[in-house]
Amino acid sequence: MTRELEARARGHLLRPDGQEDVCLATYAPSTGERRTTGVLTDLVLPLDGERSVHGNASFSGRYVVRAASQAAEHGRGIALLHSHPESTGWQEMSGVDRDTEHSYARVAETITGHPLVGLTVAADATWSARFWDSEHGHRDAESVRITGTALRVCWNGRLRPPPAPTSAQVRTVSAWGEAVQADLARLRVLVVGVGTVGLDLAIRLVQAGAQDVSVMDFDTVEEVNLDRLLTATRTDAALFRSKIHVALRAMRAATTAAKPVLSGYDLSICEPQGQRTALDHDVIFSCVDRPWARAVLNQLAYSDLIPVIDGGLALEPFPNGGMRNATWRAHVVTPGRPCLQCNGQIDGAQVARDRAGLFDDTTYIRTAGLKAPSRENVSLLAPSVTASMLAQFVSLAVTPGGLGAPDPLRFSLSTHTLEHMPVETLATCPYEQATGWGDRRPTLAKHHPAAEAARRQRETHARTGRVRAGRVFQNLIGLGSVAIQRLLATDTDRDVGMSEGSGGVA
């Protein structure tokens with residue numbers, strides 16, 4: 001739910017007189033590849049005679065039918081929210097809670113076509129949640145995510161227990177304490193685009209103890225990447241390794257978590273499966289250089305309430321050589337902050353051209369007199385973008401000073417100035433108007449010919465004898481390195497082990 005909706009719900013449910021209270025809300029389903037989320041959209045507060053407060057709280061069937069009918073008009077489900085004003089932390093249901101929610105589960109599902117969602121808020125503003133199946137009971141959620149200029153996640157400690165800090169994380173934990181570290185470490189983080197900035201980000205996230213980090217990229221390592229792609233080698237280019245292969249190898253070497261779950265997806269975020277995979281995550285880093293990909297991520301930040309940290313580097317060389325300027329930007333895309341179209345990072349016309357494949361058509365670009373999206377980069381400046389994006393992430397998730405994420409920031413190298421960009425949401429912004437739409441968001445993802453061609457070309461090369469033999473030899477060297485690490489590991493390290501998620505790594 002958004003921070004604004006959460007504050008309104010909490011204001012109604014946590015009464016000054018200390019009694020329990022209840023209300024209903026509508027929600028939109030958001031269906032990922034492996035995870036389903038209910039995105040709360042509107043509160044439906046009780047009218048006179050629809051609920052009674054008497055220490056506990058009760059409500060009428062008429063109230064449920066009214067809310068469910070309102071939700072069904074928009075293709076949404078309903079959620080039943082109530083308070084436990086004398087408790088703290090994630091709440092298990094009492095027998096009365098269970099019976100009440102179960103008794104209305106069938107009514108809600110019959111009218112809306114979606115399962116009833118139950119939520120409980122405790123006195124310390126910790127939320128808990130579950131999805132109901134009218135036939136088989138309820139399934140507890142693993143978390144409740146509250147998004148806005150600050151990100152707050154309430155964790156189900158049974159399904160998503162806090163990982164114990166390791167000895168390699170002592171200095172990181174000392175920066176903000178074990179409670180914050182436990183929250184950061186449990187976030188499911190996705191890095192989209194593991195080029196210069198994205199690979200650096202992924203490495204630093206796992207070094208800081210994030211245990212569930214995924215990378216997504218369909219591209220292949222080439223010689224032209226080697227001046228800025230961390231840990232990539234000429235051998236990787238000669239063997240046509242995917243960028244996610246290089247990223248996962250570097251992440252495994254850098255991780256400090258006891259039981260990391262590192263996944264790689266050989267996908268484009270513009271493909272339907274890429275978009276569904278992104279919906280499985282709590283935070284997304286946008287390290288892409290094309291407007292279509294940025295537009296898809298921009299949409300998910302609002303329609304599905306997944307904060308996106310976006311950044312970019314623009315170089316301005318003189319026509320005859322030399323550098324005019326370099327600027328880098330970083331911003332958090334989330335309700336309460338302007339979207340990428342409002343802050344000028346994407347242009348609707350450019351998105352349409354990119355989605356139509358015109359930026360991959362050199363003849364069209366030349367005859368139309370257009371400039372394709374810039375791809376200049378330099379490894380000496382790229383770490384500045386990484387640092388800016390990580391600072392935005394820490395501002396969002398750790399909230400130093402309680403301030404949360406700032407407005408978009410832009411640094412100019414020629415003048416050495418950091419600019420706070422006072423950007424406002426456009427009145428007709430289609431992205432922010434679709435906040436909370438979930439699966440009913442407008443369709444931006446579709447088949448992506450460039451991604452399909454890159455995978456096809458890599459598969460063709462992988463079938464040649466030279467590349468197959470080279471990959472086998474390189475893999476054996478990698479296995480030998482892992483064996484040495486295990487041999488040198490402490491007894492504690494051997495006990496905790498390492499797990500790795502699967503993601504179709506090429």
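From a predicted model like this one, the values you see are computed outputs, not experimental measurements. Numbering starts at 1 and runs along the sequence shown.
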Please tell me whether [X] and [Y] have a donor and an acceptor in their side chains that are separated by less than 3.5 angstrom.
X      : Y      : answer
Arg160 : Ser143 : no
Glu33  : Thr277 : no
Thr147 : Thr334 : no
Arg458 : Thr220 : yes
Arg276 : Gln273 : no
Gln345 : Asp310 : yes
Arg290 : Gln350 : no

### Message
Donor-acceptor check, side chain of Arg471 to backbone of Leu239, threshold 3.5 angstrom: yes or no?
### Response
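Looks like yes, one N/O pair under 3.5 Å.
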[X] bridged to [Y] by N-O distance under 4.0 Å:
X      : Y      : answer
Arg294 : Asp289 : no
Arg249 : Asp236 : yes
Lys446 : Glu271 : no
Arg188 : Asp280 : no

### Query
Hey, would you say the Phe393 and Phe285 ring centroids sit under 6.0 Å apart?
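Yes; Phe285 has its ring centre under 6.0 Å from that of Phe393.
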### Message
How long is the straight-line distance from OG1 of Thr126 back to CG of Asn156, given to the nearest 0.5 Å?
### Response
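One finds 12.0 Å between CG of Asn156 and OG1 of Thr126.
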### Query
Quick one: OG1 on Thr196 to CG on Leu313, what's the gap to the nearest 0.5 Å?
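It is 9.0 Å, given to the nearest 0.5 Å.
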Side-chain heavy atoms of [X] within contact of [Y], under 4.5 Å:
X      : Y      : answer
Tyr302 : Val308 : no
Met1   : Leu119 : yes
Glu452 : His447 : yes
Leu5   : Leu43  : yes

### Message
Would you call the rings of Phe240 and His461 parallel, tilted or perpendicular, taking 30° and 60° as the class edges?
### Response
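Ring orientation of Phe240 relative to His461: parallel.
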### Leu409 and Gln392: CA distance, side-chain angles, deciding distance, side chain to side chain contact (heavy atoms under 4.5 Å, CB included) verdict
CA-CA 9 Å; Leu409 300 176; Gln392 291 273 7; 3.9 Å; yes
#### Entry: For Arg440, side chain to side chain donor-acceptor pair (under 3.5 Å) partners two or more places apart
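With sequence neighbours excluded, Arg440 shows a side chain to side chain donor-acceptor pair (under 3.5 Å) to no residue whatsoever.
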